[in-house]
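We count ligands from 1, going down the list as the structure has it; atoms in each ligand are counted the same way. These numbers come from a predicted model, not from an experiment. Along the sequence shown, residues are numbered consecutively beginning with 1. In what follows, every heavy atom counts, from backbone to side chain, and hydrogens, waters and symmetry copies are set aside.
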Amino acid sequence: MSNETLLSRSMHAVWHPCTQMKQHEDFPLLAIHRGDGVWLYDANGNRYLDAVSSWWVNLFGHNNPRIKDAIKQQLDTLEHVMLAGCTHEPVVALSERLTDLTGLGHAFYASDGASATEIALKMSFHYWRNSNQPDKTQFISLQNSYHGETLGALSVTDVAIFKDTYAPLLIQSAQMPSPDFRLAAVGESAEDFALRCAEKLEIYVHENHAQLAAFIVEPLVQCAAGMGMYHPVYLRRAREICSQYQVHLIADEIAVGFGRTGTMFACESAEITADFICLSKGITGGYLPLSAVLTTDTIYRAFYHDITSKGFLHSHSYTGNPLACSAALATLAIFESDLVLQQNQHTSTYMYSQLQQRIASVDINIVHLRKQGMIVAFDVQTQNPNFARDCYSKALAHGLLLRPIGNTVYFMPPYIISESEIDFMLETALTAVTASM
Ligand SMILES: *Cc1c(COP(=O)(O)O)cnc(C)c1O
């Protein structure tokens, strides 16, 4: 089967996500045949370095032998059983491990990030009903936040291009000033700006807490907003404010969890524990769809009752899928055996210092060069309205899969990327950026 044929069959049969399909008339799909390490290969043997970890899910490379073997073993034992009324070893073991790592308990599973957001929102709302505080029904989130595309998740998302069309369908929520350091005043430190944003949060919560169920936040990095990074003091203050006014804090660690920001979970940078944590993306190393929400014993106990409807009656068909859980267990085992967080510090430092040096030697207008763990980003100042698309195409032509968000160019590679692969990634990216200004 030729590449051409596959592309046209895909255009006829598949509705691609987050895509205006008509744009593929002059902007072809990329047909991937296989993956290995940081590389994706097309049918003709051309390879592309996956600098975005396949939408932020891949941690230890494509075709990872340990994760693959764990799934194969599980496949010979039990592929799936419903989790209502049944249980199995992989889901129990994974829940125990996640509790050890997060300090929260009773993992509730779904298959994607948006569903995890829905679960946390519904659990929070339902907790307040079960606790005789039925007025606490509203949610707040940050400006420029991203929590997924289903109606509840989109309601607390604040990205106009995804949200505006569906506005009449969404539940009301309020957005708090984002501590994204790029929005700080000239000369203001990241910490001062974060504290200033937290003050505004406190004013809002002080006035509205009687109606507020929860504040949902992406800890440390607002990834979809273009890798908007902020000082951890904001999380510390948010935790204090939420506790003081009895508002749940939901940590959406779907993108930042599992080592992406340097610590296992981003909340650790502020030494806080949220009331709910939402996990997905890297949880299976990028192998199978899985998400989880963990919460406190206090919240769990408010559902534990003789009355059936006080329980959390939410479900998804593939909840706790054993194959996905076995991939997640293998992923967590790699973190332990390979001292991944320590190793990532070196990789992150190398990636950032190399980028600094290379940027100094090119003549392009770059602002806000920044990093947080295994995310490195900068913004370009350009008049080209199609910068993101042009840069994507030019990088691809040289063997690099890069997906700029607006004028933000970011690197979020699999953790196993080598120094020579980093060199290739940065050199190719800067060539593509320069040619797209
Ligand atoms: C990707 C993402 C989601 C949604 O996850 P899906 O699996 O795409 O539904 C939610 N929150 C954050 C922070 C994300 O990055």
Notebook entry, point to check: Strictly under 4.0 Å, does any heavy atom of Trp55 approach an atom of ligand 1?
Noted result: no
Can you tell me which portion of [X] lies within the under-4.0 Å heavy-atom range of ligand 1? Options are side chain, backbone, both, or neither.
X: Lys281; value: side chain
X: Glu218; value: side chain
X: Asp112; value: both

Note to self: Other residues, nucleotides and ligands only: do more than 12 of their heavy atoms fall within 6.0 Å of CD on Gln172?
What the structure shows: no
Margin query: Please determine whether the number of non-hydrogen atoms from other residues, nucleotides or ligands lying under 6.0 Å from atom CE of Met82 exceeds 12.
Written below: no
Proximal ligand 1 atoms for [X], defined as those under 4.0 Å from one of its heavy atoms:
X: Gly113; value: 4 (C), 5 (O), 6 (P), 7 (O), 9 (O)
X: Trp56; value: 15 (O)
X: Gly148; value: 4 (C), 10 (C)
X: Ala255; value: 15 (O)

Notebook entry, point to check: Any donor and acceptor pair, going by atom type alone, linking the side chain of Lys136 with main-chain N or O of Leu212 inside 3.5 Å?
Noted result: yes
Notebook entry, point to check: Ion pair present between Arg403 and Asp50, side-chain N to carboxylate O less than 4.0 angstrom?
Noted result: no
Next item on the list: Inspect the contact between Glu240 and Arg237 and indicate whether a charged nitrogen and a carboxylate oxygen are less than 4.0 angstrom apart.
Entry: yes
Check: Does an N or O from Asp252, backbone or side chain, lie closer than 3.5 Å to an N or O of ligand 1?
Finding: yes
Checklist line | Ala114 N/O under 3.5 Å from ligand 1 N/O | finding: yes
Notebook entry, point to check: Where does the angle between the aromatic ring planes of His314 and Phe108 fall among parallel (under 30°), tilted (30 to 60°) and perpendicular (over 60°)?
Noted result: perpendicular
Check: Any protein heavy atom lying closer than 4.0 Å to atom 8 (O) of ligand 1?
Finding: no
Check: Within 45° of the ring axis of Phe181 and under 6.0 Å from its six-membered ring centre, is that where the NZ or CZ of Arg370 lies?
Finding: no
Checklist line | Heavy-atom pair with the smallest gap, counting every atom of Asn64 and Tyr287 | finding: N-OH, 2.6 Å
